[in-house]
Amino acid sequence: MLLAQIQETTAFIQQKTQNFQPEVGIILGTGLGGLIKEIEIAHMLEYQHIPNFPISTVESHSGKLIFGTMSGKKVVAMQGRFHYYEGYTMQQVTFPVRVMKFLGIKYLLVSNAAGGLNPSYQISDLMILNDHINLLPDNPLRGKNEDELGVRFPDMFETYHPELRKKALEIARKYQIRANEGVYVSVMGPNLETPAEYRFLRTIGADAVGMSTVPEAIVAVHMNLPVFAVSVITDLCYEGHLKKVSLADVIAAAQIAEPKLTLLMKELVASLN
Ligand code: HPA
């Protein structure tokens with residue numbers, strides 16, 4: 001049973017971290033692990049040593065749970081996340097979010113690398129998610145609902161916390177960081193999209209496309225955990241700017257954006273009550 005597994009993992013982590021109680025959970029996307037440098041680290045656990053945790057398979061993700069202090073708040077950060085395309089089940093992909101909630105986080109902050117569909121976007125822009133479209137072929141809530149975790153039919157009217165979005169936009173404005181609100185569409189991957197698919201995704205109302213974040217957001221909503229998510233635009237996927245893209249391009253663009261993302265996240269964490 002999922003609840004029993006979450007409880008087992010939570011107890012293990014509490015024992016290993018001398019009951020460190022994080023207030024904020026952070027998930028870092030591809031090429032965006034640099035925020036870790038801003039954390040005064042108290043404890044670090046490798047995924048492979050945590051019971052029930054999946055182990056990350058992509059080289060660009062190193063796979064650690066990091067506990068420490070940032071901007072005066074106790075945080076837990078996932079360095080490396082799990083993607084559906086790696087072959088995990090949706091329950092595995094979202095398991096760490098469940099555990100972080102049980103460890104006590106009050107907010108979940110997520111970052112990802114994404115392709116820009118909105119023609120006003122430029123490489124290394126930030127996009128603050130104000131909504132999403134889920135095109136993943138599975139759902140982390142599929143199966144018998146465990147009522148201790150959340151309701152059967154969670155409402156998704158305001159998936160991304162309005163207050164956190166507003167604060168993030170204010171921070172971006174203050175530091176002159178290019179950032180807009182937009183709609184993220186999640187696809188399975190691992191291949192990037194064809195030009196026709198990018199046109200389709202734009203047509204259905206998305207501003208950016210990526211392969212993560214939506215399962216974590218759904219599970220956060222299921223557990224009544226306020227969630228904030230931001231995309232770093234790593235490639236442009238609209239007419240006139242489409243070209244071949246490699247993982248190296250995505251990581252290079254993410255690294256250019258990283259200082260902006262780090263500043264935004266630090267200030268956002270500082271502003272939380
Ligand atoms: N498509 C899907 N996922 C992505 C992209 C993209 O163009 N860029 C970064 N992640």
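These values consider heavy atoms only, across backbone and side chains, with no hydrogens, waters or symmetry-generated copies. Both counts, for ligands and for their atoms, begin at 1 and track the order of listing.
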**OP:** Record the part of C237 in heavy-atom contact with ligand 1 below 4.0 Å; permitted values are side chain, backbone, both and neither.
**Re:**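 Side chain only.
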Does the plane of the ring in [X] sit parallel, tilted or perpendicular to the ring in [Y]? Use 30° and 60° as the thresholds.
X	Y	value
H241	Y238	tilted
H43	F67	perpendicular
Y160	H132	perpendicular

Original post:
Hey, does the side chain of K101 reach the backbone of M223 with a donor-acceptor pair shorter than 3.5 angstrom?
Top reply: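 Confirmed, K101 side chain pairs with M223 backbone.
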What protein heavy atom sits nearest [atom], and how far off is it?
atom	value
atom 5 (C) of ligand 1	G115 N, 3.5 Å
atom 1 (N) of ligand 1	E193 OE1, 2.6 Å
atom 8 (N) of ligand 1	D235 OD1, 2.6 Å
atom 4 (C) of ligand 1	V209 O, 3.6 Å
atom 10 (N) of ligand 1	A113 O, 3.4 Å

Original post:
For V250, is at least one N or O under 3.5 Å away from an N or O on ligand 1?
Top reply: no
Original post:
Can F95 and F82 be said to form a ring-ring contact (aromatic ring centres under 6.0 Å, His included), step by step?
Top reply: CA-CA 9 Å; F95 186 75; F82 304 103; 9.4 Å; no
**OP:** Just go through V187, T234, L117, V185 and tell me whose heavy atom is the nearest to atom 9 (C) of ligand 1.
**Re:** T234
**OP:** Identify whether the distance between the nearest side-chain nitrogen and carboxylate oxygen of E267 and K167 falls below 4.0 Å.
**Re:** no
**OP:** Just jot down the ligand 1 atoms closer than 4.0 angstrom to any heavy atom of Y198, in number order.
**Re:** 1 (N), 6 (C), 7 (O)
Original post:
At a 4.0 Å threshold, what atoms of ligand 1 neighbour a non-hydrogen atom of M211?
Top reply: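 Checking each atom against M211, I get 2 (C), 3 (N).
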Original post:
Could K260 and Y175 be counted as a cation-pi pair, given that NZ or CZ must be under 6.0 Å from the ring centre and within 45° of the axis?
Top reply: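 No, a cation-pi geometry is absent between K260 and Y175.
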